Visitor: 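I'd like to ask some things about the structure below.
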Amino acid sequence: MTIKVNGIEIGTITTNRSLTIEEAMYSLGYDINDQDDCRKGCENEVEGFYLDDCGNYCFDYEAAEMEY
């Protein structure tokens, strides 16, 4: 499966079952519920990670999609 954010491919995972966005991102090395991992995504300029107005690192779930 291919994970894309805003149409930009950020990773590919080989699996025999369907995954949630959260599980897929964890497989790519990012726990999207963890500030340190989201900061790492921002620092690595991975599409979908951003710093919000309150200074929190986040991941844009709505822009993420998976192609099987």
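Everything numeric here is computed off the predicted structure, so don't read it as measured data. Note that these values count all heavy atoms, side chains included, but never hydrogens, waters or copies made by symmetry.
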Visitor: Does Lys40 offer a backbone N or O that forms a donor-acceptor pair with the side chain of Asn44 under 3.5 Å?
Guide: yes
Visitor: Do Tyr61 and Leu19 sit in the same hydrophobic cluster, where Ile, Leu, Val, Met, Phe, Trp and Tyr count as joined when their side-chain heavy atoms come under 4.5 Å apart?
Guide: yes
Visitor: State, to 0.1 Å, how close Phe49 and Asp37 come at their nearest heavy-atom pair, and which atoms those are.
Guide: CE2-O, 4.4 Å
Visitor: Just verifying a value: how many Å separate Asp31 CG and Glu22 CD, rounded to the nearest 0.5 Å?
Guide: 7.0 Å
Visitor: How about CD on Glu43, more than 12 heavy atoms from neighbouring residues, nucleotides or ligands closer than 6.0 Å, or not?
Guide: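 Buried by this count: over 12 neighbours within 6.0 Å.
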Visitor: Nearest 0.5 Å, please: how far is OH in Tyr68 from CD1 in Ile13?
Guide: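 So the gap between those two atoms works out to 9.5 Å.
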Visitor: Go through the steps for Glu67 and Lys4 under the test side chain to side chain contact (heavy atoms under 4.5 Å, CB included), then give the verdict.
Guide: CA-CA 8 Å; Glu67 294 180 356; Lys4 293 183 177 185; 3.4 Å; yes
Visitor: Do Ile10 and Ile32 share a hydrophobic cluster, counting only Ile, Leu, Val, Met, Phe, Trp and Tyr and linking them when any side-chain heavy atoms are less than 4.5 Å apart?
Guide: yes
Visitor: Is a side-chain N or O of Glu47 found less than 3.5 angstrom from the main chain of Asn6, in a donor-acceptor match?
Guide: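 Not confirmed, Glu47 side chain does not pair with Asn6 backbone.
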Visitor: Decide yes or no on side chain to side chain contact (heavy atoms under 4.5 Å, CB included) for Arg17 and Met1, but give the supporting numbers first.
Guide: CA-CA 10 Å; Arg17 67 181 191 95; Met1 92 179 48; over 6 Å; no
Visitor: Rounded to the nearest 0.5 Å, how far apart are CD of Glu9 and CD1 of Ile3?
Guide: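 Interatomic distance, Glu9 CD to Ile3 CD1, rounded to 0.5 Å: 8.0 Å.
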Visitor: Could you tell me the separation between the OG1 atom of Thr20 and the OH atom of Tyr26, rounded to the nearest 0.5 Å?
Guide: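 Taking OG1 in Thr20 and OH in Tyr26, the distance rounds to 12.5 Å.
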Visitor: What's the separation between atom SG in Cys58 and atom CG in Asn33, rounded to the nearest 0.5 Å?
Guide: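 Atom-to-atom, Cys58:SG and Asn33:CG are 10.5 Å apart.
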Visitor: Are Met25 and Met66 grouped together when hydrophobic residues (ILVMFWY) are joined by side-chain heavy atoms under 4.5 angstrom apart?
Guide: yes
Visitor: Heavy-atom distance under 4.5 Å between the side chains of Val5 and Phe59, does that happen here?
Guide: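 Heavy-atom side-chain distance check passes, below 4.5 Å.
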Visitor: Mind checking the CG-OH spacing from Asn56 to Tyr50? Nearest 0.5 Å is all I need.
Guide: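 If I round to the nearest 0.5 Å, the distance is 9.5 Å.
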